[in-house]
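Start at 1 and go down the list; that is how both ligands and their atoms are numbered. Index from 1, following the sequence.
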Amino acid sequence: MPSIISSEKQLDLYSIKELPESHAWRSSLDDDGSRNINVESIPVIDLNDDKFAIDRIGHACKTWGAFQIVNHNISQRLLNDMETCGTRLFSLPMQQKLKAARSSDGIAGYGVARISSFFSKLMWSEGFTIFGSPLEHARQLWPHNYNKFCDVIEEYENEMEKLAGRLMGLMLGSLGITKEDVKWAVGPRSGCSALQLNSYPACPDPDRAMGLAAHTDSTILTILHQNNTSGLQVFREGNGWVTVPPLRGALVINVGDLLHILSNGLYPSVLHRAVVNKTRHRLSVAYLYGPPSGVKISPLSKLVDQRNPPMYRPVTWSEYLGTKAKHFDKALSSVRLCAPRIGFDNSKDQNGVQVG
Ligand SMILES: C=C1C[C@]23C[C@@]1(O)CC[C@H]2[C@@]12CCC[C@@](C)(C(=O)O1)[C@H]2[C@@H]3C(=O)O
Ligand SMILES: O=C(O)CCC(=O)C(=O)O
Ligand SMILES: [Fe+2]
């Protein structure tokens, strides 16, 4: 049963000179091979030409569950503005940030990662989740100067919504699914979303710390912007943990658990985590895209036949988020109806995290 995360658990990581035991995940002798930088990483896909991109996206979803995109039409100016907003927020004094603390039963606000309750050690990061309007929290953070933050968030969410709709079309298109097959995905406001800002301060002992523990996202897809400091890693069978290098202007796309379900397991959600750095502060912004509330997600009928029965039962996004909050890495398997496909072992990672 997850414990309630109290705001006292959020230490001011910027002022700590030595890694406390509470944040030490492994001994300095452990080496999980994740700093091996000579392995190929996730594909980089140019969105200039949808016809050319679609096959590459399908292949990336099947083999990695993640890819980077360039020429996506999100301006560098907006990405910079979003980064500045994040930096401004996390640079506030701790007492100020705690004024916008996430309540124990809430989704939005400042705090430790929601999944922290499943681990005995604390993560070297802090987060701020936006779900719905950020106005109330922005007022608590900057009582006299909250407009700029809200304006940037609004613009960022609008642009990301368009991009997410386009990406979903391409990802489903690569499976032979058309918009007519997924009625709820057509038209404006066809999805629902949350925005997660993550801050990873420089860490005195990065090899023993963990920025964000291994997890899959409870989304259809996630669009991640990372600043110029590496830290994101994806897990790939046979390769282990692979670093996703930051490329200026590129965005990282993760397949989430709901696309895993929609695709009847053909596009597995990607296990990923964030590691930390000795000298550099890292910031990331995740746009978490899901279906509209009330829509039941289940394997698409075109992908189901006698030989490929539906592997998952129907779930709404909010139901799935509730399941994730309770069962974490067992959430996907808790809605599973039958065994995974052959040659498709998504059962264990190197940290002993069970998925699917
Ligand atoms: C929509 C959501 C997905 C998320 C839980 C949340 O309600 C808002 C925060 C999201 C996030 C971001 C960091 C990693 C993660 C596992 C977490 O602890 O909070 C994800 C959640 C998720 O995808 O399950
Ligand atoms: O910081 C990162 O690169 C990962 C963030 C992430 O996985 C998330 O917000 O869900
Ligand atoms: Fe994530």
On a heavy-atom basis, the closest approach of Trp124 and Cys203 is NE1-CB, 3.4 Å
among protein heavy atoms, the one nearest atom 23 (O) of ligand 1 is Ser218 N, 2.8 Å
Note: ligand 2 atoms sitting under 4.0 Å from heavy atoms of Tyr200 are 1 (O), 2 (C), 4 (C), 5 (C)
Closest to atom 8 (C) of ligand 2 by heavy-atom distance, out of Asn198, Thr222, Val285, is Asn198
Under 4.0 Å between heavy atoms, the region of His215 that gets near ligand 1 turns out to be side chain
Query raised in the report: Under a heavy-atom criterion of less than 4.0 Å, does Gln196 contact ligand 2?
Result: yes
On a heavy-atom basis, the closest approach of His72 and Ile74 is ND1-N, 3.1 Å
dist Lys148:NZ -> Arg88:CZ (nearest 0.5 Å) comes out at 9.0 Å
the protein heavy atom lying closest to atom 6 (C) of ligand 2 turns out to be Leu212 CD2, 3.5 Å
Atom 8 (C) of ligand 1 has as its nearest protein heavy atom Thr129 CG2, 3.7 Å
Notebook entry, point to check: For atom 20 (C) of ligand 1, is the nearest protein heavy atom closer than 4.0 Å?
Noted result: no
Compute the centroid of each ring, for His59 and then for Phe67, and state whether the two points are separated by less than 6.0 Å. no
With heavy atoms and a 4.0 Å threshold, my read on which part of His215 contacts ligand 2 is side chain
Item to complete: Anything under 30° is parallel, anything over 60° is perpendicular, the rest tilted; go ahead and classify Phe149 against Phe128.
Response: perpendicular
Numbered in order shown, the ligand 2 atoms found under 4.0 Å of a heavy atom of Ala286 are 9 (O)
One finds that the ligand 1 atoms under 4.0 Å from a non-hydrogen atom of Asp217 are 23 (O)
Nearest non-hydrogen protein atom to atom 9 (C) of ligand 1, with distance, is Gln196 OE1, 3.6 Å
Check whether Met123 and Ile16 end up in the same hydrophobic cluster, where Ile, Leu, Val, Met, Phe, Trp and Tyr are linked by side-chain heavy atoms less than 4.5 Å apart. yes
- Message: Using a strict threshold of under 4.0 Å (side-chain N to carboxylate O), is an ion pair present between Arg139 and Glu136?
- Response: no
Side-chain heavy atoms nearer than 4.5 Å, only ILVMFWY residues, links allowed to pass through others: does that put Ile223 and Leu170 together?
yes
Closest heavy-atom pair, Ala325 versus Arg114, reported as atoms and distance to 0.1 Å, is CB-NH2, 4.0 Å
Of all protein heavy atoms, the one nearest atom 10 (C) of ligand 1 is Leu288 CD1, 3.7 Å
Row for the Fe ion (ligand 3): angle NE2 (His215) to NE2 (His272), 10° precision, value 90°
Under 4.0 Å between heavy atoms, the region of Ile107 that gets near ligand 1 turns out to be side chain
Original post:
Do protein heavy atoms approach atom 5 (C) of ligand 1 to less than 4.0 Å?
Top reply: yes
>> Under 4.0 Å, counting heavy atoms only: does Arg282 come that close to any atom of ligand 2?
In response: yes
Do Tyr267 and Leu337 sit in the same hydrophobic cluster, where Ile, Leu, Val, Met, Phe, Trp and Tyr count as joined when their side-chain heavy atoms come under 4.5 Å apart?
no
- State plainly whether one hydrophobic cluster holds both Tyr200 and Phe119, where clusters connect Ile, Leu, Val, Met, Phe, Trp and Tyr through side-chain heavy atoms under 4.5 angstrom apart. yes
Q.
Students often mix this up, so state it plainly: with edges at 30° and 60°, are the rings of Phe90 and Tyr110 parallel, tilted or perpendicular?
A. tilted
Counting from 1 in the order shown, the ligand 2 atoms closer than 4.0 Å to a non-hydrogen atom of His272 are 7 (O)
Starting from Ile54, can I reach Val182 by hopping between I/L/V/M/F/W/Y residues whose side chains sit under 4.5 Å apart?
yes
When distances are taken from atom 17 (C) of ligand 1, the protein heavy atom at minimum range is Arg114 CB, 4.1 Å
Ranked by distance from atom 2 (C) of ligand 1, the top protein heavy atom is Leu321 CD2, 3.8 Å
**Prompt:** Taking N or O atoms only and a 3.5 Å limit, does Ser284 qualify as a polar contact for ligand 2?
**Reply:** yes
Honestly, for Asn254 the part within reach of ligand 2 (heavy atoms, under 4.0 Å) is neither
Of all the N, O or S atoms in Asp217, the one nearest to the Fe ion (ligand 3) is OD1
Item to check | N-O pairing of Arg166 and Asp50 below 4.0 Å | outcome: yes
